[in-house]
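This report refers to the structure that appears directly beneath it.
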Amino acid sequence: MNCKTKEISEGLQHFNGSEILFQIPLLKTRFTNGIKYLANEAECFWLVTDASVIAKSLMNKSRFITIDFRKFSKEEKEVIGYEASIDYSDGNGNIFESHKYHITDFPLDELRLFFVDNTLMLPSEY
């Protein structure tokens with residue numbers, strides 16, 4: 001784990017609720033302080049946008065959506081041809097959609113987000 005990755009992981013642990021909500025203008029999705037920190041520090045506005053769009057489309061299946069990002073190991077990448085995936089589920093093992101990415105510059109190996117009431121948040125902010 002490099003310094004930037006460690007710094008981001010440690011920084012994410014300090015968020016536990018959010019007094020201010022931000023909004024993605026075109027989507028009208030709200031997001032918390034923790035998500036804003038993540039997007040800025042990890043330079044992953046793409047993740048916030050992608051997760052928002054997909055989670056919104058799944059709200060008819062569940063009011064509570066978990067978003068699980070995972071990077072594949074080198075061995076897995078060689079076999080399946082993808083570098084990472086994001087699974088969208090209800091948190092009880094029912095995966096609604098899975099998206100695979102050939103390339104990613106996201107610094108963390110894994111991450112879980114929640115999407116509830118049109119709001120994207122870290123689990124510690126739920």
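Everything numeric in this text was worked out from a predicted model, so none of it was measured. The basis for the numbers below is simple: all heavy atoms, side chains too, and nothing from hydrogens, waters or symmetry mates.
- Between the side chain of Arg30 and the main chain of Asp117, a donor-acceptor pair closer than 3.5 Å is present.
- Between Met121 and Phe114, the closest side-chain pair of non-hydrogen atoms falls below 4.5 Å.
- Judged purely by atom type and a 3.5 angstrom limit, Thr119 has no side-chain atom pairing as donor or acceptor with the backbone of Phe31.
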ask   = Between Val48 and Trp46, is a side-chain contact (heavy atoms from CB on, under 4.5 Å) present by the stated rule, with each step listed?
value = CA-CA 6 Å; Val48 173; Trp46 65 269; over 6 Å; no
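- A ring-centre distance under 6.0 Å is not found for Phe72 and Tyr82.
- Interatomic distance, CD of Glu83 versus OG of Ser73, reported as 11.0 Å (0.5 Å rounding).
- Using modelled atom types, no side-chain atom of Ser62 and backbone atom of Ile65 make a donor-acceptor pair closer than 3.5 Å.
- His99 contributes no side-chain N or O that, together with a main-chain N or O of Asp87, makes up a donor-acceptor pair within less than 3.5 Å.
- Pairing each heavy atom of Pro107 with each of Ile8, the nearest pair is CG-CD1, 3.7 Å.
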message = If you apply the rule ring pair (Phe, Tyr, Trp, His ring centres under 6.0 Å), what do you find for Tyr37 with His14, and how did you get there?
response = CA-CA 11 Å; Tyr37 169 85; His14 296 285; 8.7 Å; no
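- Of the candidates Leu47, Leu27, Ile24, Ile35, Leu120 forms a side-chain contact (heavy atoms from CB on, under 4.5 Å) with just one, namely Ile35.
- The side-chain tip of Lys36 points at the ring of Phe22 from less than 6.0 angstrom away and within 45° of straight on.
- To the nearest 0.5 Å, the span separating CE on Met59 from CZ on Arg63 amounts to 7.0 Å.
- Closest non-hydrogen pair, Ile67 versus Ala51, comes out as CD1-CB, 3.9 Å.
- Taking 4.5 Å as the limit, some side-chain heavy atom of Arg112 sits within range of a side-chain heavy atom of Thr66.
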task = Verify side-chain contact (heavy atoms from CB on, under 4.5 Å) between Ile54 and Phe96, making sure each step is shown before the conclusion.
result = CA-CA 10 Å; Ile54 302 302; Phe96 301 128; over 6 Å; no
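- For the residue pair Ser124 / Asn16, no side-chain donor-acceptor distance below 3.5 Å is found, with atom types taken as modelled.
- Side chain of Lys77 to main chain of Lys71: no donor-acceptor pair is present (N/O by atom type, distance under 3.5 Å, no hydrogens or angles).
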request  = Start with the C-alpha gap between Leu113 and Phe69, add the side-chain angles, then the distance that decides, and say whether side-chain contact (heavy atoms from CB on, under 4.5 Å) holds.
outcome  = CA-CA 8 Å; Leu113 304 175; Phe69 172 89; over 6 Å; no
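- Partners of Gln23 according to the side chain to side chain donor-acceptor pair (under 3.5 Å) rule, which considers only residues two or more places apart in sequence or in another chain, do not exist here.
- Between Leu108 and Thr5 there is a side-chain heavy-atom pair separated by less than 4.5 Å.
- No chain of hydrophobic side-chain contacts below 4.5 Å, direct or via other Ile, Leu, Val, Met, Phe, Trp or Tyr residues, connects Tyr101 to Ile80.
- Partner of Phe45 under the side-chain contact (heavy atoms from CB on, under 4.5 Å) criterion, out of Asp50, Asn40, Leu38: Asn40 alone.
- With no hydrogens or angles considered, no side-chain donor-acceptor pair links Ser98 and Ser85 at under 3.5 Å.
- Judged purely by distance below 3.5 Å, without hydrogens or angles, the side chains of Lys56 and Asn118 pair a donor atom with an acceptor atom.
- Glu97 meets the salt bridge (charged side-chain N to carboxylate O under 4.0 Å, His left out) test with no other residue; sequence neighbours excluded.
- Side-chain contact between Ile95 and Ser89 is present, with heavy atoms from C-beta onward closer than 4.5 Å.
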Derivation and outcome, salt bridge (Lys or Arg N to Asp or Glu O under 4.0 Å), residues Glu41 and Lys4 = CA-CA 9 Å; Glu41 295 300 313; Lys4 183 71 173 175; 3.2 Å; yes
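- When Phe15, Phe64, Phe115 are each tested for a ring pair (Phe, Tyr, Trp, His ring centres under 6.0 Å) with Tyr126, only one passes: Phe64.
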inquiry  = Test side-chain contact (heavy atoms from CB on, under 4.5 Å) on Glu76 and Arg70; report intermediate values, then the result.
reply    = CA-CA 12 Å; Glu76 290 173 312; Arg70 181 173 86 90; 3.4 Å; yes
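- By the side chain to side chain donor-acceptor pair (under 3.5 Å) test, Asn60 is found to be paired with no residue, residues two or more places apart in sequence or in another chain being considered.
- Note that the CG atom of Leu12 and the CD atom of Glu7 stand 10.5 Å from one another [nearest 0.5 Å].
- Glu125 places a side-chain N or O within 3.5 Å of a backbone atom of Leu122 that can act as its donor or acceptor partner.
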